[in-house]
Amino acid sequence: MALRSKAIITCAVTGAIHTPSMSPHLPVTADEIATAAIDAAKAGAAILHLHARDPSDGRPSQDPELFRPFLSAIKAATNAVINITTGGSPHMSVEERMRPATTFKPELASLNMGSMNFGLFPMLNRFKEFKHPWERENLEKSRDLVFKNTFQDIENILKLGKANGTRFEFECYDISHLNNLKHFLDRGLVQAPLFVQSVFGILGGIGSDPEDLMHMHRTATRLFGDRFCWSILGAGRGQIPLATMGAAMGANVRVGLEDSLWIGPGRLAASSAEQVARIRVILEALNIDVATPDEAREILQLKG
Ligand SMILES: C[C@H](N)CC(=O)CC(=O)O
Ligand SMILES: [Zn+2]
């Protein structure tokens, strides 16, 4: 793993997993997403990972016209790195998922490194009341849902990136995803430094035990040596503890309401910025400086 000079904080402000009835703080409209992202950048996030939602009912959407207003507001207020999702929602087609990255040619986009079961239904044990029927439907449907990311899908998104100068946040939800990334590295379809976002705690992927983190780290180091920039994404209550453990080992970190709605046991986070502030305090307590957006660009060799 490339020795990390400074820690890059990525913030994912809304996503497509959580639904509006789960938290009043989940941004839905373009204004809410812009405000959440700008506040997260002010709190110390160098990279903003962005999804869009239909303002009428909060349903995840990859419609570029829903991205456009908050992208321009964010760019006007910060020089944070814009990272546009190509994962969208696991219920969407890959073509649908690729639309905003195709339209906006961002310097960074997410890329999910393998197909997998994507179990969201356990959240039905925690959340009972939903304003919109699609919220419960999506969770129920995840019992029989495959998040499709075939080798051809990945290759198509890599080609899109190459054409647009877009580099990737490689979402690795399991050890096999690291091997898939190595396959594309060996074929010269991806270039170092590889921004490896290890995703822990999604049902269908690797768990969120410290042993899982160590296993990911060992395997990534064996496969990529010092050609990767490691980052930790813990879903749900594992968010801050796993990010803390990873940071102590030299990793970068990802927080935000896309990945966890919580700031403490039973306490909803009031904003993604609150989670950024929390992990920043921890990083600085570990004597780790937080990277600015331009330092993140340099570390990840982004087009700027
Ligand atoms: C677990 C995260 N939702 C992973 C993610 O952010 C995927 C994407 O947007 O491409
Ligand atoms: Zn995402």
Side-chain angles (χ1 to χ4, degrees), residues 9-19 22 26-27 33 36-37 40 45 47-53 60-62 66-67 70-71 81-102 104 106 108-120 122-123 138-139 142 145-150 153-154 156-158 160-161 166-174 177 180-181 195-208 212 216 231-239 242-243 252-262 272 275:
I9 300 176
T10 295
C11 188
V13 298
T14 189
I17 290 174
H18 297 127
T19 70
M22 294 177 183
L26 188 72
I33 294 171
I47 299 177
L48 300 170
H49 173 77
L50 301 168
H51 290 241
R53 294 179 181 264
S61 171
Q62 290 291 85
L66 290 176
F67 279 77
F70 63 70
L71 286 177
V81 173
I82 300 295
N83 168 355
I84 290 182
T85 180
T86 69
S89 153
H91 300 281
M92 295 175 184
S93 70
V94 177
E95 292 63 38
E96 180 70 18
R97 288 164 36 194
M98 290 170 70
R99 292 177 63 199
T102 305
F104 299 106
L108 194 62
S110 61
L111 180 47
N112 298 274
M113 294 310 295
S115 298
M116 57 184 286
N117 291 344
F118 210 91
L120 304 174
M123 287 196 275
N138 270 12
L139 298 176
S142 74
L145 174 69
V146 174
F147 185 28
K148 180 177 176 289
N149 297 289
T150 65
D153 295 330
I154 294 170
N156 294 345
I157 298 175
L158 287 172
L160 172 75
T166 296
R167 289 177 59 75
F168 291 100
E169 172 197 33
F170 297 109
E171 315 277 3
C172 296
Y173 301 75
D174 219 329
H177 295 179
N180 296 347
L181 181 54
F195 186 34
V196 174
Q197 188 70 259
S198 293
V199 182
F200 299 95
I202 297 283
L203 183 59
I206 199 165
S208 47
D212 297 314
M216 271 273 204
S231 187
I232 307 294
L233 185 172
R237 66 170 64 90
Q239 183 184 63
L242 287 170
N252 303 289
V253 296
R254 179 171 141 166
V255 295
L257 299 191
E258 167 168 348
D259 306 333
S260 173
L261 294 173
W262 311 100
S272 291
Q275 293 174 342

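Counting starts at 1 for both ligands and their atoms, following the listed order. Below, all heavy atoms of this structure are taken into account, side chains as well, without hydrogens, waters or symmetry copies. All of these numbers come straight from a predicted model, not from anything done at the bench.
Closest to atom 9 (O) of ligand 1 among all protein heavy atoms lies Thr85 OG1, 2.7 Å. Scanning all protein heavy atoms for the shortest distance to atom 1 (C) of ligand 1 gives Val199 CG1, 3.9 Å. Given atom 10 (O) of ligand 1, the protein heavy atom at minimum distance is Ser110 OG, 2.7 Å. The protein heavy-atom contact nearest to atom 5 (C) of ligand 1 is Glu258 OE2, 3.4 Å.
Remark: ligand 1 and Ile202 share no N or O pair separated by less than 3.5 Å (distance only, no angle test). At a 3.5 angstrom cut-off on N or O pairs, Asp259 does not count as close to ligand 1.
Look at His18 and you'll find every heavy atom at least 4.0 Å from all atoms of ligand 1. A heavy-atom separation below 4.0 Å is not found between Glu169 and ligand 1.
Side chain of Thr86 to backbone of Arg97: no donor-acceptor contact under 3.5 angstrom is found. Of the possible donor and acceptor atoms, one in the side chain of His18 sits under 3.5 Å from a partner among the backbone N and O of Leu257.
The side-chain hydrogen bond (donor to acceptor under 3.5 Å, both in side chains) test with Asn83 is passed by exactly one of Arg254, Glu169, Arg167: Glu169.
With sequence neighbours excluded, the residues that form a side-chain hydrogen bond (donor to acceptor under 3.5 Å, both in side chains) with Ser231 are Gln197. Remark: Asn138 pairs with His91, Trp134, Lys141 by the side-chain contact (heavy atoms from CB on, under 4.5 Å) rule, at least two apart or across chains. Remark: Ser142 engages Leu120, Phe121, Leu145 in a side-chain contact (heavy atoms from CB on, under 4.5 Å) (not counting sequence neighbours).
Note that CZ of Phe195 is 11.0 Å distant from OG of Ser110, once rounded to the nearest 0.5 Å. A distance of 11.0 Å separates CD1 in Ile47 from SG in Cys11, rounded to the nearest 0.5 Å.
Of the options Phe168, Tyr173, Phe200, the smallest heavy-atom separation from atom 4 (C) of ligand 1 is shown by Tyr173.
Inspection of the environment of the Zn ion (ligand 2) yields the following protein N, O or S atoms under 2.8 Å: His49 NE2, His51 NE2, Glu258 OE2.
Only the side chain of Ile17 comes within contact range of ligand 1, with a heavy atom under 4.0 Å; no backbone atom does.
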